[in-house]
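Remarks on the structure that follows.
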Amino acid sequence: VLLNLVGNAVKFTRGGSISVKVTHHGTDGPTEIAVTDTGVGIPSADLGRIFDDFVTLDATYARHSSGTGLGLGIVRRLVDRMGGRMTVESAEGKGSVFRVLLPLRILGEAPDGSRPDPNNSSAGAQRRLLILVVEDNEFNRLIVRDMLVKEGHDVVEAQDGDEGVAMAAAARFDLILMDISMPRVDGLQAAQAILSGSGASRKTPIVAMTAHAMQVETERFRAGGMQQVLVKPITREALRAVLPIWTNGQSPAPIARPDQRKQALVTDPAVRSALSADLGLGKADQLTRRFLAEGAIIVAQSVKSCAQAGVDAQIMHDLHRLAGSAGMFGAQALEARLADIETAWKSGAKGEARAMIVALDVLWCSTAAAFQD
């Protein structure tokens with residue numbers, strides 16, 4: 001809608017000015033978007049048909065501007081579908097004002113229109129947070145976002161650390177969930193850039209998310225300014241344990257330590273059931289199929305490359321990303337094996353890591369088969 005309205009304003013304004021203004025009309029009122037130009041304007045006789053299909057006005061001016069006349073008709077239908085309405089005010093030779101009124105509430109605002117004071121602990125667990133999720137794994141972003149939304153919070157996503165730093169500088173978030181292992185700018189570097197900068201979220205608490213965190217690493221995260229660590233797979237229960245800290249104004253709990261793993265199942269039915277409950281059966285099945293397809297490629301390429309040339313950073317990056325997805329989808333044994341591989345690699349036992357990677361295709365086959373049951 002905005003692309004079309006601003007595009008029209010540009011098209012029919014030569015040497016003038018164009019403005020876009022957004023106004024939120026109180027708790028129960030609509031959000032108004034006004035696009036104003038000082039262009040050629042619309043004759044009063046044509047205002048009644050401006051939103052009809054295949055209408056192009058001002059034939060003289062149209063010689064300089066191409067178009068089918070469908071744009072405003074499509075805009076009107078889109079606004080109608082969103083439960084809104086459109087108006088236009090115009091004077092020939094003086095310009096136009098197109099107004100779009102939509103039933104939108106401000107991001108971070110509660111359904112009743114309130115925006116609780118973040119320092120007021122009496123708001124309790126009812127406080128709605130605006131949360132930035134910084135995660136390069138698309139599966140994990142989608143799942144964490146859905147969990148947070150179901151807990152009643154608003155979510156903005158960043159696809160990597162660099163983007164996360166930029167978003168945190170531009171807007172004030174109540175909480176940032178930060179993946180650790182990301183390309184270009186990793187989670188720790190991104191957190192330090194946010195906290196040491198002058199951006200809007202420089203005082204926002206940051207919680208690390210990682211698939212595999214050794215004790216020395218969690219201490220490094222704390223030293224880097226992170227308040228807590230969530231060890232993947234992230235669950236709604238884990239989020240529920242963390243979120244009240246910020247909604248109630250409590251002091252953050254100590255950084256969580258990863259539990260020692262017991263005998264891992266090939267697939268964890270509880271995680272798979274929870275995923276279906278959180279996302280819906282259709283979406284969960286669709287994402288699971290994508291996970292299996294992409295995982296098969298990663299494992300095959302890693303096994304082949306490792307057998308031919310040994311372990312390198314790219315293989316470890318791919319397997320770390322797969323570990324994060326494996327946990328989210330309940331591939332417990334695969335996640336545990338990948339964690340063991342990463343531990344061996346980080347500890348300098350590269351021969352041990354290589355041996356486990358070369359044999360990884362056997363575990364992958366049993367994992368893929370278990371998802372068919």
Any side-chain donor near an acceptor of the partner, D312 and S305, under 3.5 Å: no
Gap separating the CG atom of D136 from the CG atom of D160, nearest 0.5 angstrom: 7.5 Å
R99 (side chain) donor-acceptor with V88 (main chain) under 3.5 angstrom: no
Pairwise distance CH2(W345) to CG(L319) - rounded to 0.5 angstrom: 10.5 Å
L132 side, atom CG; M178 side, atom CE - distance, nearest 0.5 Å: 7.0 Å
Contact check, side chains of K350 and R354, non-hydrogen atoms, under 4.5 Å: no
Single hit among L230, I131, L239 for side chain to side chain contact (heavy atoms under 4.5 Å, CB included) with V207: L230
F329 and F139 aromatic centres sub-6.0 Å: yes
N/O donor-acceptor pair under 3.5 Å between S90 side chain and G95 backbone: yes
From E135, E157, H153, residue fulfilling side chain to side chain donor-acceptor pair (under 3.5 Å) relative to R145: E157
Close side-chain approach of M328 to F291, heavy-atom, < 4.5 Å: no
Test item: T31 and V22 side chains (from C-beta on) under 4.5 Å apart, heavy atoms: yes
Side chains of N140 and I234 in contact at under 4.5 Å (non-hydrogen atoms): no
Sidechain-backbone polar pair: S201 side chain, A171 backbone, donor-acceptor under 3.5 Å: yes
Residue pair D268, R272: steps toward the salt bridge (Lys or Arg N to Asp or Glu O under 4.0 Å) verdict: CA-CA 6 Å; D268 187 338; R272 295 174 62 181; over 6 Å; no
Heavy-atom check, side chain of L360 versus side chain of S302, under 4.5 Å: no
Side-chain touch I18/V10, heavy atoms, less than 4.5 angstrom: yes
Separation between CZ of F98 and CD1 of I42, rounded to the nearest 0.5 Å: 4.0 Å
Closest non-hydrogen atom pair between A170 and A200, with its separation: C-CB, 4.2 Å
Candidates V1, I33, V100 - the one meeting side chain to side chain contact (heavy atoms under 4.5 Å, CB included) with M86: V100
Expected output: side-chain T267 to main-chain G330 donor-acceptor under 3.5 Å: no
Close side-chain approach of R128 to D154, heavy-atom, < 4.5 Å: yes
Salt-bridge contact R321-D318 (side-chain N to carboxylate O under 4.0 Å): yes
S366 (side chain) donor-acceptor with L363 (main chain) under 3.5 angstrom: yes
Residue among V97, V35, T36, D37 satisfying side chain to side chain contact (heavy atoms under 4.5 Å, CB included) with S19: T36
Test item: S276 side-chain N/O and A284 main-chain N/O as donor-acceptor pair under 3.5 Å: no
Sidechain-backbone polar pair: D174 side chain, L130 backbone, donor-acceptor under 3.5 Å: yes
N137 and D179, any side-chain heavy atoms less than 4.5 Å apart: no
Distance in Å, E342 CD paired with S347 OG, rounded so as to fall on 0.5 Å steps: 10.0 Å
Greater than 12 external heavy atoms within 6.0 Å of R85's CZ: no
Atom pair CG/CZ of L322 and R337 - distance to nearest 0.5 Å: 13.0 Å
